Structures are given as C-alpha cells and as structure tokens.
There are 2 protein chains.
Amino acid sequence: MQNENATIYDIASDAGVSIATVSRVLRGETNVSPATREKVQAAIDRHNYRPSSIARGMISKTTHSLGIVLPKLLNPHYAMIFSGAYEEARKMGYSMSLFPWSSIDTRAYDPATMLVERRLDGVIVCVEYLSPDHDGQVLAALRELKRFMPVVLIGCVPPWYDFPAVSNNDAAMMRQIVAYLVSLGHEKIAFIGGVQEDKDPLRRDEGYMEGLRGARLPYTGSYRVYGKGTAEAGETALGNMLDGLKPEYWPTAVIALNDLVAMGCQAAARKRGLDMPGQLSIVGCDDLFCAPYLCPPLTSINTHQQRTGARAVQLLISGEDKKETVEWELIERGSCARVIRDQ
Amino acid sequence: MQNENATIYDIASDAGVSIATVSRVLRGETNVSPATREKVQAAIDRHNYRPSSIARGMISKTTHSLGIVLPKLLNPHYAMIFSGAYEEARKMGYSMSLFPWSSIDTRAYDPATMLVERRLDGVIVCVEYLSPDHDGQVLAALRELKRFMPVVLIGCVPPWYDFPAVSNNDAAMMRQIVAYLVSLGHEKIAFIGGVQEDKDPLRRDEGYMEGLRGARLPYTGSYRVYGKGTAEAGETALGNMLDGLKPEYWPTAVIALNDLVAMGCQAAARKRGLDMPGQLSIVGCDDLFCAPYLCPPLTSINTHQQRTGARAVQLLISGEDKKETVEWELIERGSCARVIRDQ
DNA sequence: GCCCGTGATGTAAGCGCTATCATTATACAA
DNA sequence: TTGTATAATGATAGCGCTTACATCACGGGC
C-alpha cells in the first residue's frame, strides 16, 4: 500500500554509484561530474526519493523542528501567536509542533519529556500569570528545560525570569488607554484585570493606577476587579460591579483585559439596559477578528501578536538572549464616546 | 550552556553495565535483576537522561508525530479542528505539527517534501473547495502523498476522492436549516454559499434547493449568491443582493456559509437599517465563540469541529479506510424570528 | 562428574544518512 | 620514465538507539 521509502542505497545501486556520491548530489556539492550528477538525479526522480531528515538529524544533531507550548489554542489570542510563530518558522525552514501547557507545568519528574525526547531545536513557551507558589514551580521547570534546548518566553514574563522573551509593555498600554478615555472626558474608569493578586507581573494594574494618577483622578477600589479572562468572567465581573453600586456611581468607561472580557462586559451592560457607548464606553485588548462586528464595534488594542510570535522564533533561532517588547496600536471603533457633562 | 545530552553510553558506563542493559531498563523489560535495574535507574536520574526519539525512530521507522495541513490557522474554524486533532493525538502519544496548505497545493516537483522528509506517521489534510481544474492537481498531489504516508481528509471532500475522510453531511444540514426557517414562517430564504460554481462538492446548494422543494417554496435565483467565506465577503454579498432588489422582494431570512459570513450579513443589514431579527433572520454555521455576543446573538450550527479533528486522528492511527460524517446541532439564539404575515 | 536449561548480561549489526579519509584515474612537470 | 598535484569517486566509521545472538554463571538431573 504505502510505497517502501527508498533509501540512499536504492538510489546508489540504481544509479550505479556509491552512496557517498548520491549524498554529494543531494547536498549540492560541486565536485561531482555532470554526467554522474545527471544519472543520480534521474534515479532520485525515478524513485521519488526524499532523504530522511531523521537520519540526517542523527548526524547533524538538529531536527529543524521547533515547539510551542501554550495553554489553549482555542483562545484566539494564542492562535494568533501560534500563527505568527509558525509562519516565521516555516520561512526559516523549521516545522513547528504544538505542546500543551501541561507538558511544562507538572509535578512529574521530568517536566518536558515530550520536548526533550523529540530533541527539538528550541521551544517557545507562552506564560500566563501564575500564583507565587505555583510560579516557583514553573520557573524551575523552565530552567530545567533550558538545560536541554533554547527557550524563549512570550507573554506574562516577570522581570526576574532569566529567559529571552517577547512581550508588550503592558503598563504603558494601560496608561495610554486611560489617557485616551480621560481625553474623552471620562473620570469613572473601571478596570477588569485577569489576575486575582494585588499586583500582577505585567503591571497592568500599575499602568492603570499610574494613568489615573497622571490625570489626577481619584482611585476607587470598587472599579478594579479581576476575572479569568473569558467572556463569561467579564460578564460576571462587570455585572457584579454594577449590581453592587448605585447607578450614579457606575463607571462611564471600562478597560477590559482582552476582547473576550470586553464582549462579556457588553453583554452585562446590555442586560442592564445601558446604552453603549452613550452610557458606557469599553476598550478591549487583542483586536480579535470579531471586534468590528460587535455592538457597538469594539475599540481595542492591537498587540500585534503575530509579530510577537514571529519575533520569538527569530530570537530562538538566532540565540539572542534578550527581552524585547513589541509595539501596539489603539484601534478606534465605536465603543467609546465622549462624556456629556451634567448640566 | 545547554547541557550536552547524555547518551545511552554515558548511562551505561556510569552504571557499570552495557548499553543493552540500559536499553532493557528503559523499555521496562523484565529480565533485568532488581539490583541492576536500580543502579541503571539511578544513573538515568543522575543525568536527567531522556532517550532520543530520533534514534529510536531510525529503528522503529516511526516518528510518533503527525501532521495537519490547513489553509489558515487564524480562521477559527480550522483552529477548532486543529485543537481537536491535536488533543486526540496527544492522548495517543503523538505530537502534531502544522503545515501550510501550500505544502500540498503546489506545482513544484514534490508537493509534500516537508511532510515526507520528516517521515511523519500520517497527515490530516483539510480540503477546501477547489475549482475543477485545480481540483485535479490537488487530487494528484494527495495521491502522491498517500504513497508515502497515511492521509485522512477533513472538510470539503468530493465523493470521488479515494481517501478516508471525516466531514459533515452538509446537504442534510442545509435541509434542516431551511426546514427550521420554514417552520418560522419564512418563504423568502436566501443562501450565501462559499463556492462560485453552480454545484459545490459539499452539495450545500443542493441541500438548500431540496429544502425549498420540500417546503414547496419557489426557487429564486437572486437569493442564491456566493462569496469567499469571510466577513467582508458576507457583507458584500448580502449588500449587493439587497441593493439589487426592491425592498418588497428582500429575503426575510439568510442562510450563511459560516459565522464569519453571518457576521458580515449582520453588518450589511444594519447599515441598511433592517431590524434584526424582526425584518431579517440569519443562520450561521460553525458556532464560533463570539456567536452568543453578536447582535442579535447568532443562531448557528455547531458542527463539532473538534470532534471532527479527533476522529480524523483516530482514523489516521487505526488505519481504517472509511468516510465518516459527524453529527451537528442547531443552536438557537436570537437571530431568527417568526414572520409576521401581512394583514 | 558431566550435560544442559535458565536467567542475566554483553557483543555487535544495522536503521539511513554525513563526513572523513583512502583510492583511483588523469594530466602535466621534471 | 617517474613523481606528483588534482578531480572524481568509493569505502567506512559513526550518530544513539534496538534487537538478534552470543556468552556466562549457576543449579538440577543423570
């Protein structure tokens, strides 16, 4: 059924030369006579022969395949990172395989057996926020992994992680969003983050707080809440906030961790009869493909995740050990309105 | 910097045994004395040794890695298929790497060099609709690929493709949607397909037509249009249809190729001031995560793409050569309304 | 005392390549 | 003629494993 894969010996004997000569032709060496080259090439074509990268890998100790570890492919955020990384890898002649986050985050003896056994040439790990005790565990696993292959991190990378990494300047992003909302006249600006802790390693909270301070706005504790980063969590988070406050204290703007959360916020606001953007402005983050089709179309931060993924691959292959940030862009759609002052 | 990967020789000499004995321990053979086993295991632990799956693959002629070929990861439809396939592969101990559609669809000599050189244990190919002449080219490429490794197809698989495959019964799906809309009183039902041709291999057109016939509704040519399957294409397609018809002939319901197209339809209808679902009902397909958050929340067909991907992996590994269909489910949300008859 | 089965271990071939070195054949200078 | 540089090609040793097959020590049956 499947045709027995031809080997270099088959080609050699078919062409009447030694395997060394076939190898020379395969690798495009010059010291082969034209006549021989032609004979060999004909045999290769005849058998539809492709040299085994496995066998080549035995010698070169390189597999030309990379890995990417991420928590959840179905989250479009990660899908975009993957897509960018994978395209770049392909351009550089590498294949890319996906591994579950659990292959890193485990209490088992060797946290990365699959990756190490496969002798990948490198791996990109997308790090999510982790509680402090869990954090130590993961950091140890990452360091262990690094002993076997180059590792580049993406995402929520605390400053004390000694790894090359690509991420956004989250604090600066937050500051920009606050400033943008302030410029529209907002003063009651809520923040729905993704981390339960008081301070996340991304410093998004801090960026939010700094933004408020910069605008000389008071900080209101009940405007800062956290969720799991899903649409449901966003709906719950904003819903609880609204239900817990008298309408006159309702925020006029919400900064959402990401577009999923923003979608949930829209749902929560709609259920409570709020006019958007009239009574509530929302800013998301990630700029998902559906953002323009929400009601109202969602203003969001395009964080260039594909570029992030691509850049991570470049660092991985070049071996540069540095932390980089990528630019972002505020995409204005219809979800933020100027505040009408009370008469 | 990276620690030199230990080999079986290192372990053997460290434990004071032969490599054969180490190999026995690694593979859990029973004919090793407990004392020796312990010594060897200790050496393995000491070196953090992981046997090279590359070297193993040389012997077993199996890589325990699968490939998936798809046109565009960023399309959430394919992301879901990938996710399902990859999870299943992982469960069975296989890794999964992604390859671009172009590695199959090319005029170059060998259409699948990357796949073949990597000696994958099998590959899943997600097939999109192809124009007839292009179709022949791709079919040839697929057949060629099949000579080297097992291939399972997903998606738009014409009946004359001699490959194991997993797909939906698209025609039946369409019939169900038409019946559903008819049950709500709709008579002017439009269809926005993804294929320019008169008949696509999925027979979605045909399902649509049969549905109309089944309900004894007349077929109106201008209600059947085609697009590229994107949101923009959907917006253009419905927009052109509406602009080309007097309002009294406007359809009261639209069946969209997928949720992306449906999103575009919503935008087109909104721009023209149509009330949804009052004046226009829309049914999508794929049940994307954002469907519940659109305005109105989109009624859609959940085609269980993750299950499709998983099933394809099972066929691939088991080697069963059959074509299967997976079930689907109509998810009612708010985008379809009962028609109010003219008085 | 000798033979042989048995369990534990070692030896070595080989998977399909690359890379090093050895071996030719050819040409040209001494 | 002989020596020697040069180009083309072949022979072969691994890469890190698995897997026959060989070896060896030990013990029981005769």
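Naming: A, B, ... by sequence-line order, numbering from 1 per chain. Computed from a predicted model, the values in this text were never measured in an experiment.
- No donor-acceptor contact under 3.5 angstrom links the side chains of A:Ser60 and A:Thr62, judged on distance only.
- Applying the 4.0 Å criterion to OP1 and OP2 of D:dC15, one finds that B:Ser52 has every side-chain N and O outside that range.
- Between C:dG16 and B:Lys61, a contact under 4.0 Å exists linking OP1 or OP2 to a side-chain N or O.
- Between B:Ile8 atom CD1 and C:dA12 atom P there is a gap of 16 Å when expressed in whole angstrom units.
- The side chain of B:Tyr9 contributes no N or O atom lying less than 4.0 Å from OP1 or OP2 of D:dG14.
- Atom NE2 in B:His64 sits about 12 Å away from atom P in D:dT18, given to the nearest Å.
- Side-chain contact of A:His47 with A:Asp14: a donor-acceptor pair under 3.5 Å is present, judged by distance alone.
- A sub-4.0 Å separation between OP1 or OP2 of D:dT9 and a side-chain N or O of A:Ser33 is present.
- Side-chain atoms of B:Asp321 do not come within 3.5 Å of backbone N or O of B:Phe163 as any donor-acceptor pair.
- Each of B:Ser18 and B:Met58 was matched to the nucleotide of DNA chain C holding its nearest heavy atom; the match closer to the 5' end belongs to B:Ser18.
- Using a 4.0 Å heavy-atom distance criterion, B:Ser60 is classed as making no nucleic acid contact.
- Rounded to whole Å, atom P of D:dT18 lies 10 Å from atom CD of A:Glu117.
- Between B:Ser23 and D:dT19 there is no side-chain polar atom (N or O) within less than 4.0 angstrom of OP1 or OP2.
- Within the 3.5 Å criterion, the main-chain N or O of B:Ser23 finds a donor-acceptor partner in the side chain of B:Arg27.
- With hydrogens and angles ignored, a donor-acceptor pair under 3.5 angstrom links the side chain of B:Arg24 to the base of C:dG10.
- Within 4.0 Å of A:Ile19, counting heavy atoms only, lies at least one base atom of the nucleic acid.
- When rounded to the nearest whole Å, the span between CG of A:Asp10 and P of C:dC15 equals 11 Å.
- Not one side-chain nitrogen or oxygen of A:Arg56 sits closer than 4.0 Å to the OP1 or OP2 atom of C:dC17.
- Formation of a donor-acceptor pair under 3.5 Å by the B:Ser53 side chain with backbone atoms of A:Glu117 is found in this model.
- In this structure, the nucleotide among D:dC17, C:dG16, D:dG10 sitting nearest to the side chain of B:Thr7 is D:dC17.
- Atom CG of A:Asn31 is separated from atom P of D:dA7 by 9 Å (rounded to the nearest Å).
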